[in-house]
2 protein chains.
Amino acid sequence: MTTATPTSSSRELPHPAREEIRLESVLHALSDPMRLQVVRELAADGDELSCSHFDLPVTKSTTTHHFRVLRESGVIRQVYRGTAKMNGLRRDDLDDLFPGLLASVLTAAARQAVRLGGG
Amino acid sequence: MTTATPTSSSRELPHPAREEIRLESVLHALSDPMRLQVVRELAADGDELSCSHFDLPVTKSTTTHHFRVLRESGVIRQVYRGTAKMNGLRRDDLDDLFPGLLASVLTAAARQAVRLGGG
DNA sequence: CGACTCGTACGATAGGCATCGTAGTACGGG
DNA sequence: CCCGTACTACGATGCCTATCGTACGAGTCG
């Protein structure tokens with residue numbers, strides 16, 4: 001069988017089920033500039049981005065920490081693929097639980113970026 | 001001019017201007033259960049609610065703290081009226097800066113309340 | 001196997017924050 | 001003027017968290 005990618009190995013990461021995702025945790029996860037930036041890039045460049053793809057102004061340890069917060073809050077899904085760890089937005093789950101929330105946050109972030117960055 | 005309500009006195013509270021409101025701060029303010037509850041009540045019961053109207057399971061000191069976080073992040077506007085301090089959502093400013101954000105957060109909070117509270 | 005890359009785990013640290021209690025200020029009414 | 005109400009200011013406390021550095025585990029490639 002072609003079985004949509006066998007997740008590469010036995011290294012499985014704990015994710016909250018859809019029903020376990022809490023709005024407060026999602027908002028908290030998104031309230032950090034680093035993490036908001038990550039989510040914006042994931043939304044823009046499509047899913048399946050490796051951790052190392054992001055060039056955050058912090059060490060790798062801290063990057064790992066932020067990705068874990070995003071995963072444990074239910075914002076992203078993480079899957080190992082070889083040595084890389086691929087990250088993807090949990091659009092379906094978030095849209096089902098909180099319709100329009102992700103979209104309005106992304107729009108708001110984009111507008112603010114223009115407002116602050118573009119003078 | 002008829003001076004739309006003289007704000008009762010000289011006690012003025014510092015608010016961020018519309019352009020100074022940061023998305024991250026708003027999300028952080030809304031990520032606390034107490035504050036999210038306050039915002040929900042403000043949205044439901046209309047503006048102009050005094051601090052003492054809210055029956056939060058914390059002391060008054062803590063309540064004051066939460067209201068200040070909401071005000072300084074730009075989520076609410078606070079005005080003294082006699083000994084009372086009236087609170088109102090900054091709907092206009094938020095909708096202008098982050099269209100749809102407040103609405104989707106409120107909808108998400110309501111849905112989650114039903115989901116968790118209603119079994 | 002050996003080396004290299006990617007990411008983790010762990011400990012440390014410093015700052016933030018939610019919470020409290022007490023003492024104090026501002027306003028309104030008798 | 002005195003008192004009660006509404007809210008604040010300040011200090012303390014304990015937890016959470018963003019950050020780092022170093023040492024380690026898991027895969028890949030030669």
Side-chain angles (χ1 to χ4, degrees), chain A residues 5-15 22 24-39 41-42 48-73 75-88, chain B residues 5-15 22 24-39 41-42 48-73 75-88:
Chain A
T5 58
T7 312
S8 158
S9 77
S10 54
R11 287 202 285 173
E12 294 268 325
L13 293 159
H15 290 78
R22 300 281 268 108
E24 295 89 329
S25 302
V26 170
L27 293 177
H28 174 247
L30 297 177
S31 71
D32 182 278
M34 296 292 169
R35 295 192 289 258
L36 184 56
Q37 178 61 30
V38 167
V39 170
E41 288 190 35
L42 280 176
E48 295 294 284
L49 290 180
S50 70
C51 289
S52 58
H53 169 270
F54 298 87
D55 194 27
L56 303 178
V58 291
T59 64
K60 276 200 293 184
S61 307
T62 306
T63 301
T64 297
H65 162 69
H66 285 309
F67 275 106
R68 178 167 41 191
V69 172
L70 285 171
R71 171 170 48 83
E72 292 181 344
S73 68
V75 175
I76 68 172
R77 192 181 302 279
Q78 295 190 295
V79 173
Y80 280 106
R81 183 179 295 183
T83 72
K85 195 179 189 177
M86 307 308 289
N87 305 276
Chain B
T5 58
T7 311
S8 156
S9 76
S10 54
R11 285 202 286 172
E12 293 268 326
L13 293 159
H15 289 78
R22 300 281 268 108
E24 295 90 330
S25 303
V26 170
L27 293 176
H28 174 247
L30 297 176
S31 72
D32 182 277
M34 297 291 169
R35 296 193 289 258
L36 185 57
Q37 178 61 30
V38 167
V39 170
E41 288 190 37
L42 279 177
E48 295 294 284
L49 292 179
S50 70
C51 287
S52 57
H53 169 270
F54 298 86
D55 194 26
L56 303 178
V58 290
T59 64
K60 275 203 290 185
S61 307
T62 305
T63 301
T64 297
H65 162 70
H66 284 310
F67 274 106
R68 178 167 39 189
V69 172
L70 285 171
R71 170 171 48 82
E72 291 180 344
S73 67
V75 175
I76 68 172
R77 193 180 301 280
Q78 295 190 295
V79 173
Y80 279 107
R81 183 178 294 183
T83 69
K85 195 180 189 176
M86 307 307 289
N87 304 278

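As the structure is a computational prediction, the values presented were derived from the model and not from experiment. In what follows, chains are A, B, ... by sequence order, proteins preceding strands, each numbered from 1.
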Might you list the N or O atoms of the protein lying below 3.5 Å from N or O atoms in nucleotides 1-3 of chain C, with each pair's distance?
none

**Residue mapping more 5' on DNA chain D - nearest nucleotide basis, B:F67 or A:T83** = B:F67
**Message:** If you compare all heavy atoms of A:N87 against all heavy atoms of A:L42, which two are closest, and at what distance to 0.1 Å?
**Reply:** O-CD2, 3.4 Å
**Request:** Kindly determine whether A:L49 and A:M86 satisfy side-chain contact (heavy atoms from CB on, under 4.5 Å), including the steps that lead there.
**Result:** CA-CA 5 Å; A:L49 290 180; A:M86 307 308 289; 5.5 Å; no
**Request:** Applying side-chain contact (heavy atoms from CB on, under 4.5 Å), name anything that partners B:R22, two or more places apart in sequence or on another chain.
**Result:** A:Q112, A:L116, B:E24, B:S25
**Under-4.0 Å side-chain N/O to phosphate OP1/OP2 contact, A:S52 with C:dG7** = yes
**Prompt:** Taking CG from A:L56 and P from D:dT19, how many angstroms apart are they, rounded to a whole number?
**Reply:** 9 Å
**Asked** Nearest-Å distance, CG (B:L13) to C1' (C:dC27)?
**Response** 15 Å
**Prompt:** Separation of A:Q78 atom CD from C:dC6 atom C1', in whole Å?
**Reply:** 13 Å
**Asked** Can you list every salt bridge (Lys or Arg N to Asp or Glu O under 4.0 Å) pair that touches residues 48-64 of chain A, not counting sequence neighbours?
**Response** A:E48-A:R81
**Message:** The test is side-chain contact (heavy atoms from CB on, under 4.5 Å); show your working for B:F67 and B:V38 and say whether it passes.
**Reply:** CA-CA 9 Å; B:F67 274 106; B:V38 167; 3.7 Å; yes
**Request:** Could you list the residues that satisfy side-chain contact (heavy atoms from CB on, under 4.5 Å) with B:T59, not counting sequence neighbours?
**Result:** B:S61, B:T62
**Request:** Could you check how far CZ of A:R68 sits from P of D:dT19, rounded to whole Å?
**Result:** 14 Å
**Message:** Looking at every non-hydrogen atom in both residues, tell me the closest pair between B:R11 and B:G82 and how far apart they are.
**Reply:** NH2-O, 3.4 Å
**Prompt:** Tell me: CE of B:M86 to P of D:dA6, nearest whole Å?
**Reply:** 12 Å
**Letter per nucleotide, 5' to 3', of nucleotides 15-24 of chain C [B base touched, S only sugar-phosphate touched, - untouched; heavy atoms, 4.0 Å]** = --SSBBBB--
**Request:** Please identify each residue that fulfils side-chain contact (heavy atoms from CB on, under 4.5 Å) with A:H65, with sequence neighbours left out.
**Result:** A:R35, A:V69
**Prompt:** Is there a side-chain contact (heavy atoms from CB on, under 4.5 Å) between B:H15 and B:R71 once you walk through the steps?
**Reply:** CA-CA 6 Å; B:H15 289 78; B:R71 170 171 48 82; 3.4 Å; yes
**Prompt:** Within the pair B:T63 and D:dC7, is there a side-chain N or O less than 4.0 Å away from OP1 or OP2?
**Reply:** no
**Item:** Gap between atoms CD and P, on B:E24 and D:dA18 respectively (whole Å)
**Value:** 13 Å
**Complete:** Rounded to whole Å, the CD-C1' distance (B:E72 to D:dA9) equals 14 Å
